[in-house]
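The structure appears right after this line, and notes come after that.
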Amino acid sequence: MTYWTVPYYNPKENKVSVVVWNNKDETPINVSFIINNTQIVSFNNVKKFSWEIRDIGKIEDIDSILILVNNKIKTHIILNEETKELFKQTNYVYFT
């Protein structure tokens, strides 16, 4: 699955945000981000070439992000002490 369903780090606010972009399907897609197996952030009926962004929380409060597209697992990200630093260095928004 090549949908753009990406969590990223916002260093200005020390938050993790997610962006969803339906870059290929004529029919709308449904995307869910399950944070720490307790919180669900859903994007429903995202039309082709439409996108949305939302904050999902402070990086220190997030241990895992499971990404589902149309009820199928796309990615499961585990964030621990070691991987949080790597995540912050490789998945961030840049402000000028």
Side-chain angles (χ1 to χ4, degrees):
M1 286 191 281
T2 58
Y3 301 101
W4 234 58
T5 55
V6 181
Y8 64 90
Y9 178 62
N10 175 342
K12 263 189 167 177
E13 298 181 22
N14 196 39
K15 288 183 183 177
V16 176
S17 300
V18 293
V19 60
V20 171
W21 178 39
N22 180 354
N23 57 324
K24 68 178 202 163
D25 280 359
E26 294 297 330
T27 57
I29 61 171
N30 296 311
V31 180
S32 295
F33 293 85
I34 303 173
I35 296 91
N36 299 336
N37 294 321
T38 59
Q39 174 190 358
I40 299 174
V41 176
S42 296
F43 297 80
N44 296 313
N45 298 312
V46 180
K47 295 178 178 140
K48 187 171 186 181
F49 301 128
S50 294
W51 57 274
E52 294 183 46
I53 294 175
R54 288 192 206 145
D55 294 336
I56 61 171
K58 296 281 187 186
I59 187 128
E60 63 266 13
D61 298 331
I62 300 173
D63 298 319
S64 73
I65 305 168
L66 179 64
I67 304 168
L68 305 173
V69 177
N70 293 330
N71 294 317
K72 294 181 183 173
I73 295 174
K74 179 187 178 216
T75 309
H76 189 196
I77 300 168
I78 303 296
L79 295 172
N80 55 37
E81 298 275 330
E82 191 175 296
T83 59
K84 279 185 187 181
E85 288 308 310
L86 181 61
F87 181 85
K88 288 178 0 180
Q89 293 170 13
T90 58
N91 301 286
Y92 63 93
V93 64
Y94 178 75
F95 296 97
T96 58

> Do H76 and S64 come close enough that some side-chain heavy atom pair is under 4.5 Å?
Replying inline: yes
> Quick check: are there more than 12 heavy atoms from other residues, nucleotides or ligands sitting under 6.0 Å from CD of E60?
Replying inline: yes
> Rounded to the nearest 0.5 Å, how far apart are NZ of K88 and OG1 of T83?
Replying inline: 11.0 Å
>> Between V93 and W51, is there shared hydrophobic-cluster membership here, with clusters defined by ILVMFWY side-chain heavy atoms closer than 4.5 Å?
In response: yes
> Just by modelled atom types, is the I40 backbone N or O under 3.5 Å from a matching donor or acceptor in the S32 side chain?
Replying inline: no
> Under a single-linkage definition using a 4.5 Å side-chain heavy-atom cutoff for Ile, Leu, Val, Met, Phe, Trp and Tyr, are I77 and V19 assigned to the same hydrophobic cluster?
Replying inline: no
> Does W21 share a hydrophobic cluster with V6, counting links as ILVMFWY side-chain heavy atoms below 4.5 Å and allowing steps through other members?
Replying inline: yes
> Is the side chain of N30 donor-acceptor paired with the backbone N or O of N45 at a distance under 3.5 Å, no angle test?
Replying inline: yes
> Is the backbone N or O of D61 less than 3.5 Å from a side-chain atom of N36, with the two atoms forming a donor-acceptor pair by type?
Replying inline: yes
> Are the side chain of S50 and the backbone N or O of V46 linked by a donor-acceptor pair below 3.5 Å?
Replying inline: no
> Is Y92 linked to V20 within one hydrophobic cluster, defined over Ile, Leu, Val, Met, Phe, Trp and Tyr using a side-chain heavy-atom separation of less than 4.5 Å?
Replying inline: yes
> What pair of heavy atoms forms the shortest contact from I35 to I56, and how long is it?
Replying inline: CG1-CD1, 3.9 Å
> At their closest point, which heavy atom of N91 faces which heavy atom of P7, and how far apart are they?
Replying inline: CB-O, 4.0 Å
> Is atom CG of N71 surrounded by more than 12 heavy atoms (other residues, nucleotides or ligands) closer than 6.0 Å?
Replying inline: no
>> If I compare all heavy atoms of E13 with all of K58, which pair ends up nearest, and what's the gap?
In response: O-NZ, 3.0 Å
> Which residue, D25, I67, V31, forms the side-chain contact (heavy atoms from CB on, under 4.5 Å) with Y3?
Replying inline: D25
> Within the distance-only criterion (no hydrogens, no angle test), does the side chain of K84 pair as donor or acceptor with the backbone N or O of I59 below 3.5 angstrom?
Replying inline: yes
>> For N37, is the CG atom crowded, meaning more than 12 foreign heavy atoms sit under 6.0 Å from it?
In response: no
>> Could you report the tightest heavy-atom contact between D55 and K15, atom names first, then the distance?
In response: OD2-NZ, 3.5 Å
> How many angstroms lie between CG in L68 and OG1 in T75, if you round to the nearest 0.5 Å?
Replying inline: 9.5 Å
> Would you find a donor on one side and an acceptor on the other, under 3.5 Å apart, between the side chain of N22 and the backbone of F49?
Replying inline: no
> At what distance, to the nearest 0.5 angstrom, does CD of E52 lie from OG of S42?
Replying inline: 10.5 Å
> Going from OG1 on T5 to CG on N23, what distance comes out if it is rounded to the nearest 0.5 angstrom?
Replying inline: 9.0 Å
> In terms of hydrophobic clustering (I, L, V, M, F, W, Y; side-chain heavy atoms under 4.5 Å; direct or indirect links), are W4 and Y8 co-clustered?
Replying inline: yes
> When rounded to the nearest 0.5 angstrom, what is the spacing between CG in N10 and CZ in F95?
Replying inline: 4.0 Å
> From I29 CD1 over to E26 CD, what is the distance, rounded to the nearest 0.5 angstrom?
Replying inline: 12.5 Å
